[in-house]
Every structure is written in structure tokens, then in C-alpha cells.
Amino acid sequence: MSMSISSPVSLSTLLKARIGAAVETLFAQPPDPNVIVVEPAARPEFGDVTTNVAMRLARPLGRPPRDIAEALSQQLAQDPWIRRADAAGPGYVNLDIAWDVWMQAEGRELLPIFPPQGGKVIVEHTSINPNKAAHVGHLRNACIGDSVARLLRRTGQLVEVHNYIDDLGRQVADTVTGLLYLDPGTVATGQPRFCDFCWDVYAALHQGYQSNPSLKAQGDQTLHELEAGDNRIAWMAEAFVQQILEDQLRDMARFGIRYDLLVHESDILRAGLWETAFSRLQGSSRFVRETDGPQAGCWVLRAREDDEDAAEERDGAHMPDKVLVRSNGLLTYTAKDIAYHLWKFGLLPLDFRYHLRGDGLYSTGREILEHPALGGANTVINVIDRRQSYPQEMVQEALQAVGFEEAARNLHHIGYAVVSLSRRTAAHLGVPVEEGRDVYPMAGRQGIGIKIADLLALVAEAVESARSRKEGIGSEAIASGAIRYYLLRHNLQTDIVLDTDSVADIHGNTGPYVMYTHARAAGILRRADPTEAEAVAAPAPAILDPWERMVAISLAWWPDVLVEAARAYNPTVIATYVHELAERFNRFYEECPILRAGDTERRFRLALVRRVVAVMADGLDLLGVPAPDAM
RNA sequence: GCGCCCGUAGCUCAGGGGAUAGAGCGUCUGACUACGAAUCAGAAGGCCGUAGGUUCAAAUCCUACCGGGCGCACCA
């Protein structure tokens with residue numbers, strides 16, 4: 001993925017420039033900036049940082065890498081930022097940084113600052129069917145989306161966060177059907193919230209569908225009336241959706257997740273977006289009405305003309321073409337999504353109507369009012385689980401088909417693997433478990449899954465009983481951070497097999513460990529002399545203690561990590577970094593006296609602590625995890 | 001059948017061309033009348049799924065195979 005995020009000044013950018021200049025001085029030609037790579041040294045004996053330019057320049061310069069490394073080392077040793085430079089191994093140049101220069105550098109900011117980038121990014125996430133309580137899988141989506149939005153804002157992008165409300169779908173129709181037609185008694189009472197009750201209704205309904213054909217017919221009829229609109233079912237469903245939505249938004253708010261705009265699927269029709277999109281699509285030869293075959297009567301988006309397999313497949317079992325308008329005239333989800341995306345990119349001459357909710361959140365609706373400019377993005381990012389990558393591709397293809405190549409290029413799908421349940425957790429929830437089977441997918445239709453509110457309560461309870469002090473932030477806030485951290489520290493492509501015991505664990509690579517480290521560091525600053533605690537810089541010793549070095553190297557690399565995470569749309573990069581910084585700080589804390597040290601050492605170490613607190617708070621904020629001063 | 005993703009310590013996961021592959025959990029052994037022990041140290045644990053290839057250099061890139069997951073709806 002290519003996003004133009006400018007790199008702020010950092011140790012690595014500074015060193016790259018200096019290495020480039022040194023190469024130019026020595027060999028009378030400037031190197032390609034991309035071949036200059038500077039990394040933290042793999043092992044402490046190698047120094048602070050390492051570059052492999054000599055090996056990468058060996059071929060273009062026609063000289064042995066070791067010779068280049070030797071010459072480069074001698075040249076760089078003159079640099080005031082570099083305390084020592086040595087050629088090593090097959091052609092590395094190992095550098096020790098003049099940390100005093102780094103810390104004192106004039107005009108140096110405590111945290112990297114990014115200039116505003118111009119343009120707008122829309123991030124769509126959460127987008128849960130509004131028909132029952134939200135579960136951990138939905139929360140993974142929301143945490144990823146929320147963190148990506150924070151990352152982009154942090155690096156200078158203008159971001160608008162959308163939550164898409166599918167208020168017309170099969171799932172809403174099903175729960176409404178269950179509420180209306182299921183025998184009272186089939187669902188247990190005593191649920192704490194409406195969405196919890198509906199969770200059970202939805203599961204009970206699907207059980208009913210198995211045994212009761214007339215119930216299925218009622219479900220189909222409900223869906224039909226819902227889609228048709230302007231009738232008893234449609235109005236009831238609207239009230240129903242609103243209530244469920246409030247429950248879901250409250251769940252998300254407890255994790256610090258907020259939105260700028262709620263977009264209702266029904267409003268895409270109401271605002272006439274589809275009508276306009278439809279006429280645009282008709283300009284494409286790939287959008288056709290099938291007259292025969294299995295898709296007769298449907299408007300479909302044809303697979304790419306140059307796709308040789310497509311024609312062949314059309315005769316086989318799988319149709320390569322995507323139906324947008326069904327033979328009964330009703331639209332598929334993808335059709336409405338295409339219209340929505342044309343609007344997101346500002347490619348339709350129409351807008352929604354809106355209303356402003358009490359909590360300051362805008363929602364599409366029926367009123368006309370003054371509102372900030374919404375939509376019209378240059379870049380669109382959709383956080384949707386990777387099982388749905390096919391319809392996402394169809395949206396992209398539709399944009400291409402109607403000639404919006406640039407928009408198609410700037411539409412990014414962040415696909416992530418799903419959350420399943422461990423055998424232990426599944427058994428705990430009453431799911432029948434089998435020998436030799438370790439992974440149990442969540443299934444709304446069977447009522448299998450961990451609801452967000454339940455998980456939060458469970459983890460909060462574990463935190464409450466494990467904590468030794470009760471000051472500072474509350475157990476629920478810690479639990480929320482623990483869960484967010486857990487969901488974000490896994491790579492997007494990693495299947496999370498959720499085990500409630502390991503989420504509730506507060507040791508190791510966990511949110512509480514990282515939060516605790518922040519509180520610990522903040523506590524030291526609190527006890528220090530206020531002037532010394534505020535200082536961002538202090539004279540550094542010529543040679544650092546090994547654990548001072550490790551902390552300093554991590555701190556120096558924070559801007560690079562931030563840029564890498566934002567460019568890759570990947571919050572896991574931040575989690576990995578923050579954990580490593582926490583480990584290094586804790587080791588530094590064990591090995592090096594701070595408040596008890598002599599004047600010079602104390603001031604330098606306090607400046608390091610000050611920076612650790614700032615960087616950890618910065619990173620934790622991007623993850624949506626609290627950075628408490630006490631806990 | 002076609003396509004995508006994943007196989008790394010007993011378990012959960014990092015590392016995604018660079019020097020001797022890292023954490024956490026679990027196991028064993030140690031460190032608090034405290035700069036916050038929700039911490040830290042040490043020990044033990046690996047043909048990085050298999051076989052080829054590219055490269056000065058492969059856990060990392062390419063090919064094939066094996067194993068697991070997921071897509072290929074007039075559901076979303």
C-alpha cells in the first residue's frame with residue numbers, strides 16, 4: 001500500500017542523509033537513497049546502529065564490500081553525531097551514536113510532528129448487523145479500524161470515520177421475525193439489555209427455521225416488507241435497529257471507539273444514490289442485464305473481459321459475474337455498497353440528509369440541516385473481515401468499470417482473520433466440544449460467541465482481584481485496555497483463537513504489563529524534583545550503560561515505527577514496539593538507579609524516563625489503551 | 001476445480017533478504033523492611049512444514065509438494 005506520509009526528522013533519516021553524503025564524497029556519486037538502510041544493531045557488541053550500504057553498493061561500485069565499509073567507516077568517524085564507526089563482518093558498518101548530541105540536538109521535539117497532508121481519508125469500520133449484541137469478532141474489527149484512524153490522524157491525515165448500518169438485511173429481518181412470531185417462552189427472560197435478549201431471539205429463530213416451515217415463510221415475508229419500506233414492518237424495524245444500535249455504540253464507547261458518521265443502508269436508496277449509480281453503471285459494457293442462463297433477469301457486473309477463465313466458468317458450477325440487481329428487482333448488498341463508495345469518493349452529485357445525535361455524532365437521516373462537509377475522500381479504507389474480500393473486490397471493479405481508475409486504486413480493504421474460541425472457552429460457554437478439535441468458530445445463528453460486555457466484565461473481575469493497589473484508573477478501564485491490546489497485538493492475518501483465561505492474564509505481553517510500565521515510569525517522575533522531571537534533555541555520559549543504550553535506541557526509532565505502521569495500516573507494529581520499549585525500560589529500571597544516582601547520571605536518566613513516558617503514552621493512545629499515571 | 005491466507009520452542013505469538021532466529025505462558029532456580037515485585041534475572045526448550053531454486057547472504061523471495069483455514073450466492 002502506498003500512502004504518502006512524509007518522514008519526520010529522526011535519528012535514522014539524519015544518519016541516512018549523512019551516510020549518503022559520505023558515499024558521495026568518497027566515490028563521487030550520490031547513492032540511490034533507497035539503498036541506504038539504517039537499523040538498530042542486531043547485537044549490542046555490534047554497536048548502536050548498523051548499515052549494510054557497503055554490501056548493497058558493492059556491485060554498482062564494482063568494489064569489494066569490505067573495502068567500501070572500511071572507507072565509509074573512516075569517513076563517518078569524523079561526523080559529530082557518530083562516536084565510533086567500524087567495518088565488520090562481510091561488510092557492515094557499525095556505528096555508535098554520540099548520544100549527548102542526539103539528546104541535546106537543537107530544536108529537537110520530544111515527539112515526532114507531522115505536517116498536515118491534505119486530502120481526506122474515510123475509514124469505515126465496525127459495520128455490525130444491527131440485530132443483536134456485538135461479540136469479540138466485531139470488537140477486533142472496531143479496534144483495528146479505530147487504531148488505523150488514530151494512526152492516520154497522528155501522521156497528519158484528515159480522517160472521517162464511518163460506521164455502516166445494514167438496516168435492511170436478512171439479519172434484521174430475522175430478529176424482527178423472531179420478536180413477532182416466535183412463541184413467547186422459547187426465549188429465556190432476565191436478559192440485562194435488549195441486544196442480549198435479541199441475541200437469544202436470533203438463535204432461537206434459526207432453530208425454529210429448522211423445524212417450522214411456516215416460520216421460514218414469515219421470515220421471507222418480513223424481509224420483503226422491510227426492503228419495500230413504508231409499512232408496518234419497516235417502521236418497526238427502524239425503531240428496532242435504533243435500539244440495538246444504541247446498545248452496540250455504548251459497548252464500543254467503553255473501549256474508546258467513536259465515529260464521525262453513521263451511514264444507514266436504507267438512506268442510500270432514500271437519498272437516490274443508487275438511482276444515480278445505476279445510470280453511471282449503465283455506461284459500462286460490463287454492467288448488463290442477463291437474458292438467459294441461471295442469472296436471467298438480473299443486472300450483473302461481468303468479470304473482466306480479459307479474464308479467459310470467465311467464459312469457461314460461466315458454463316460450469318460457479319458464476320464469475322456478480323449480481324447487483326436480482327431478478328425480482330431488489331438490490332444486493334454489493335449494489336448499495338457500490339453506490340455508497342461512489343459517494344465516499346465524491347463521485348455522485350448527491351448527498352444524504354443528516355441528523356445530529358445528542359452525543360455529537362452525525363447520522364444519515366431525514367432532516368436537512370447545516371453540517372460539515374461529509375464524504376468526498378481521496379482515500380477510502382474499509383476494515384472488513386477477510387472472508388468478505390470477494391465483494392470488496394467487486395466494489396473496486398465497479399469503480400474501474402465506470403472509469404474511476406484512481407478511486408479504485410485508492411480503495412483499500414484491510415482484511416483480517418477471524419476470532420474463534422478455544423476448546424476450553426467453548427466448553428465454558430456450553431458448546432459441545434470434540435476430542436482433537438481445538439478451534440470453535442463463533443456462530444450467531446447458533447448463539448455461539450462471547451459478547452463484548454460479558455468479556456469486559458470477566459476481565460475486569462480478573463483485574464480487580466489481581467491488583468495490589470486500588471489507586472489510579474479503575475479495573476474496567478484496565479480491562480478495556482487489556483482486551484484492546486490483546487486484539488491488536490496479533491497480526492491481521494493471524495487467526496485469533498480466543499481463550500478467556502489468556503485475555504484475562506495480566507502478565508507477559510499484555511496490556512496491563514505495558515500500562516503498568518507507564519505508571520511505574522510516571523511514578524518516578526512524580527517523585528523527582530519537578531524541574532529535573534520536566535527536562536527533556538540533559539548532558540549524556542560519553543559511554544552509556546548497556547540498558548541506557550537499549551532504551552535510547554528504542555526511543556530514537558519511534559518516528560520510524562510510527563511511519564511504518566501508518567503506511568502499512570498496521571497497529572500491530574505499534575503494539576510490538578511498545579512492548580519492547582516496556583521490557584527495555586523495566587530492565588533499565590532494575591539495573592540503573594535513577595533517583596538515587598549522582599547528579600549527572602540522575603539528570604540524564606530522568607530525561608530518558610521523561611521520554612519513555614512520552615513515547616509510551618503516544619503509542620498507547622494509538623492503540624486506544626489508557627496510559628495511566630497510577631494503577 | 002480455481003483463488004487467497006497460514007505452517008517458527010510443549011502452548012500462544014513476534015521477526016517478512018542480512019551477523020549466533022526472539023518474547024510471553026508453562027516448567028525449574030533465584031531477587032523486595034520497595035526510585036511501584038502487575039517487576040526483574042538465570043536455566044531448559046528450535047533440521048523456522050518438506051524438497052528444489054534465486055542471491056555474496058533465505059525463517060524471509062520463487063517453484064512444486066504436504067498439512068490447516070477461508071473464499072468462489074439472486075447472503076452479507
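Every value quoted in this text rests on a predicted model; they were computed, and no experiment measured them. Here is how names work: the chains are called A, B, and so on, in the same order as the sequence lines, proteins then strands, and each is numbered from 1.
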Candidates rA14(B), rA37(B), rU55(B) - which lies nearest the side chain of Arg59(A) = rU55(B)

Please tell me which of Ile524(A) and Asp495(A) maps to the more 5' nucleotide of RNA chain B, matching each residue to the nucleotide holding its nearest heavy atom.
-> Asp495(A)

Under a 3.5 Å limit for both distances, which nucleotide forms a Watson-Crick or G-U wobble pair with rU39(B), could you say?
-> rA31(B)

Base-pairing assignment for rC4(B) (Watson-Crick or G-U wobble, both under 3.5 Å) | rG69(B)

Kindly say whether, by distance alone, the side chain of Asn586(A) makes a donor-acceptor pair under 3.5 Å with the base of rA41(B)?
-> no

Using a cut-off of 4.0 Å on non-hydrogen atoms, how would the nucleic acid contact of Asp499(A) be classed: base, sugar-phosphate, or nothing?
-> nothing

Watson-Crick or G-U wobble partner of rA14(B), both distances under 3.5 Å = none

Please work out if Ala519(A) contacts a base, only the sugar-phosphate, or nothing of the nucleic acid, heavy-atom cut-off 4.0 Å.
-> base

Pairing partner of rA19(B) (Watson-Crick or G-U wobble, both distances under 3.5 Å) | none

Across every strand shown, the nucleotide meeting Watson-Crick or G-U wobble geometry with rC61(B) (both distances under 3.5 Å) is rG53(B)

Test for a donor-acceptor pair under 3.5 Å between the base of rU20(B) and the side chain of Arg43(A), counting only N and O atoms.
-> yes

Sugar-phosphate only, base, or nothing, as touched by Arg469(A) at under 4.0 Å among non-hydrogen atoms = base

Would you call Arg423(A) and Glu434(A) a salt bridge, taking side-chain N to carboxylate O under 4.0 Å as the test?
-> no

Using a heavy-atom cut-off of under 4.0 Å over every strand shown, decide if Glu583(A) touches base, sugar-phosphate, or nothing.
-> sugar-phosphate

Quick one: is Tyr516(A) getting a side-chain N or O under 4.0 Å of the rA38(B) phosphate, OP1 or OP2?
-> yes

Any luck finding a side-chain donor-acceptor pair between Gln221(A) and Glu225(A) under 3.5 Å?
-> yes

Parallel, tilted or perpendicular: rings of Tyr340(A) and His162(A) (30°, 60°) = parallel

Asn509(A) side chain N/O closer than 4.0 Å to the phosphate oxygens (OP1, OP2) of rC25(B)?
-> no

Can a donor-acceptor pair under 3.5 Å be found between the side-chain atoms of Thr332(A) and the base atoms of rC74(B)?
-> no

Should Asn52(A) be listed as having a side-chain N or O under 4.0 Å from OP1 or OP2 of rG17(B)?
-> no

Atom NE2 of His490(A) to atom C1' of rG16(B): distance rounded to whole Å?
-> 18 Å

Pick the nucleotide of RNA chain B nearest each of Glu265(A) and Arg387(A); which residue has the one closer to the 5' end?
-> Arg387(A)

Hey, does the side chain of Ser468(A) come within less than 4.0 Å of rA38(B)'s phosphate (OP1/OP2), counting only N and O?
-> yes

Identify whether the distance between the nearest side-chain nitrogen and carboxylate oxygen of Glu397(A) and Lys322(A) falls below 4.0 Å.
-> no

Mind checking Asp629(A) for me? I need base, sugar-phosphate or nothing, with any heavy atom below 4.0 Å counting as a touch.
-> base

Is the Tyr513(A)-His579(A) ring centre distance short of 6.0 angstrom?
-> yes

